[in-house]
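Note on naming: letters A, B, ... go to the chains in the order of the sequence lines (proteins, then strands), and numbering restarts at 1 for each one. Quantities reported herein were computed from a predicted structural model and do not represent experimental measurements.
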Number of protein chains: 2
Amino acid sequence: MNKPFPVPQGSAAQRIEAELRRAIVALDLPPGTRLSEQEIAGRHGMSRQPVREAMIALARARLVEILPQRGTVVVKISARKMMEARFIREAIETAVVRRACSSFDRQSRQRIDDLLGMQEDAARRDDHTGFQRYDEMFHVTLAEGAGCPLAWDTVQDIKAHMDRVCQLSLPGANAMLPLIAQHKAIVAAIDAQDEAKAEEAMRFHLTEILRALPRIEAEHPELFE
Amino acid sequence: MNKPFPVPQGSAAQRIEAELRRAIVALDLPPGTRLSEQEIAGRHGMSRQPVREAMIALARARLVEILPQRGTVVVKISARKMMEARFIREAIETAVVRRACSSFDRQSRQRIDDLLGMQEDAARRDDHTGFQRYDEMFHVTLAEGAGCPLAWDTVQDIKAHMDRVCQLSLPGANAMLPLIAQHKAIVAAIDAQDEAKAEEAMRFHLTEILRALPRIEAEHPELFE
DNA sequence: TGGTCGACACTTGTATGGTAGTGTAGATTA
DNA sequence: TAATCTACACTACCATACAAGTGTCGACCA
């Protein structure tokens, strides 16, 4: 069984990248924060080089912006890019569930049920972190089961524009249980091999965040550009 | 007007990344080629550091694989991943043209016509490189005009899995003119605001490469994994 | 002759010093 | 006083040196 929270491994550069990514998405490093290679290196007891490589990777993921010879800052949340990203994700994931209706890996199907159960537990414990983790695993397993693991790799890249907004939307009272119900609706449609219904269920699920966006932006204008 | 072939600019790391990317896609560096940071650095008259950063970026794009403490190799073409990438690209670009039917930027629409003309010229000159360049610009402009520039950024990332196959398919007798006709069919459907027809035209266009794949793989088995 | 062990050449990963460009704050001058 | 100029502190960027891991080839031994 996979560890829900694998210990950081690999090179120092990869570890620091994962750590910074987590901190940015969790809003521990709010948009606009200036990042100094020197300072981060010192704080983590390593040299500037691995930190620099991590920065470059994060810049590719559009989580930070490197201004040559000036500095590196955490990018502000862009409502526009967030909506574009959501649109793209919707395009990919609706196509995936359509394919899943034709053929879906049996082992993945079993794992889906396990994940839904664990996600429900996390929701009952009001464990936001665990909930998001299992939510992600749900979508990963969907892509794998449909025979298109590359789809999730792609979604993950653009998700960077969305997950900070998701982070902000979760604490909103009882936001988690409806999401689980939506997951179940998607699975039910796949089981019934009903492509149109599966696509519509996924579309509705991914539109959820769009409904929360105006409120989020109004509550935290300083995080947006 | 944009230069069709902008001079390499930016940091040394970005220049060397662009150069390596080009060489890999053009198959100047065939799959399986071992790349040495040291050797490349020496050949380009720079230190290992910028080369290393370029390698990391290319590894993220899945064009090379870095084996820690062992070496870096150009990844082989995977027919499976190529088909997955094509599937994802189809999902994104069909969604884009659907959106383009509802509203399409006027300036982009004009640019589309210009590009089609230039692409036709390139085809007549049998200029493969220019043809591919304008082909890419066509799809970029489509995404921009539909108000979703991020879509092309995403496609570009997964296109890495396809580009080399496209490269091999072009020299095939008169492969370019049909592609232009398909582009025109897409534009015509958008002008008519016919979503279903536009989607179908794009789908057909992106299926073209799939039809060529078996022949390509049979002719160059050593490039595939 | 066949198998094992070890030095070596090679790789990537990390540390550190120096360079060039940029923003800023203070000094200087009209 | 206000505008301009200059020195400085800070940054990303690059070069170089060192560390750590891996595959290979050859010497050595049973």
Side-chain angles (χ1 to χ4, degrees), chain A residues 6-24 28-76 160 225, chain B residues 6-24 28-76 160 225:
Chain A
V7 287
Q9 52 187 356
S11 68
Q14 291 170 322
R15 287 200 309 273
I16 198 68
E17 179 193 344
E19 163 61 16
L20 286 175
R21 185 178 222 102
R22 188 207 59 75
I24 292 175
D28 292 342
L29 294 172
T33 306
R34 296 199 59 197
L35 302 176
S36 161
E37 293 182 0
Q38 187 94 40
E39 189 260 345
I40 294 174
R43 191 145 44 82
H44 288 77
M46 62 180 62
S47 88
R48 301 192 322 265
Q49 207 55 47
V51 177
R52 173 173 170 69
E53 290 173 5
M55 293 291 202
I56 293 174
L58 291 173
R60 270 192 91 80
R62 311 292 177 96
L63 284 173
V64 305
E65 185 174 6
I66 299 176
L67 303 101
Q69 323 295 357
R70 293 206 296 163
T72 302
V73 298
V74 179
V75 299
K76 296 234 167 185
E225 67 174 11
Chain B
V7 287
Q9 53 187 356
S11 67
Q14 291 171 323
R15 287 200 309 275
I16 198 67
E17 179 193 342
E19 163 61 16
L20 285 175
R21 186 176 221 103
R22 188 208 59 74
I24 291 174
D28 292 341
L29 294 172
T33 306
R34 296 197 61 206
L35 301 176
S36 161
E37 295 180 359
Q38 189 91 42
E39 189 262 347
I40 294 174
R43 192 146 43 83
H44 288 77
M46 61 179 64
S47 88
R48 269 183 52 213
Q49 211 53 52
V51 177
R52 175 172 170 71
E53 290 171 8
M55 293 292 201
I56 292 175
L58 292 173
R60 269 192 90 80
R62 312 291 179 99
L63 284 173
V64 305
E65 185 174 6
I66 300 176
L67 303 101
Q69 322 295 0
R70 295 207 297 164
T72 302
V73 298
V74 179
V75 299
K76 295 234 168 184
E225 64 173 13

Within the structure provided, determine whether B:E37 and B:Q49 are in side-chain contact (heavy-atom separation under 4.5 Å).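 A side-chain contact is absent here, since even the closest heavy-atom pair is not under 4.5 Å.
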Are the side chains of B:L35 and B:V74 in touch, meaning some heavy atoms are under 4.5 Å apart?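 Result yes, sub-4.5 Å side-chain heavy-atom pair found.
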[X] [atom1] to [N] [atom2]: how many Å, rounded?
| X | N | atom1 | atom2 | result |
| --- | --- | --- | --- | --- |
| B:I16 | D:dC13 | CD1 | P | 16 Å |
| B:R34 | D:dG23 | CZ | P | 10 Å |
| A:L35 | D:dC10 | CG | P | 17 Å |
| A:I40 | D:dT11 | CD1 | P | 11 Å |
| A:Q38 | C:dG17 | CD | C1' | 12 Å |
| B:R52 | D:dT16 | CZ | C1' | 15 Å |
| A:M55 | D:dT11 | CE | P | 11 Å |

Does this structure show an ion pair linking B:E17 with A:R60, if we count only N-O contacts that are shorter than 4.0 Å?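 Yes, B:E17 and A:R60 are salt-bridged.
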Ion pair check, B:E39 and B:R43, cut-off under 4.0 Å: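 Yes, B:E39 and B:R43 are salt-bridged.
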Touch check for A:E37, heavy atoms < 4.0 angstrom, all strands: base, sugar-phosphate only, or nothing?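 Here A:E37 touches the backbone only, sparing every base.
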What contact category does A:I56 fall into here, base, sugar-phosphate, or nothing, at under 4.0 angstrom with non-hydrogen atoms?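 Here A:I56 touches no strand at all.
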Ignoring hydrogens, what is the shortest heavy-atom contact between [X] and [Y]? Give both atom names and the distance.
| X | Y | answer |
| --- | --- | --- |
| B:A54 | B:A13 | CB-O, 3.8 Å |
| A:M55 | A:V64 | O-CG2, 3.8 Å |
| A:V75 | A:E65 | CG1-N, 3.7 Å |

Find the distance between CG (A:L29) and CG (A:L20) and round it off to the nearest 0.5 Å.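 Spacing of CG (A:L29) from CG (A:L20) equals 6.5 Å.
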For DNA chain C, which residues in residues 67-75 of chain A have a heavy atom at a distance below 4.0 Å?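 Heavy-atom cutoff 4.0 Å gives A:Q69, A:R70.
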Go through residues 41-49 of chain A and report each residue with a non-hydrogen atom lying under 4.0 Å from DNA chain C, sorted by number.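 Output list: A:M46, A:S47, A:R48, A:Q49.
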Indicate yes or no for a side-chain donor-acceptor contact from B:Q14 to the backbone of B:S11 under 3.5 Å, with no hydrogens or angles considered.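 Such a contact is found between B:Q14 side chain and B:S11 backbone.
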Among the nucleotides C:dT12, D:dC13, C:dT11, which one has an atom lying closest to any side-chain atom of A:I66?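 The nucleotide sitting nearest to the side chain is D:dC13.
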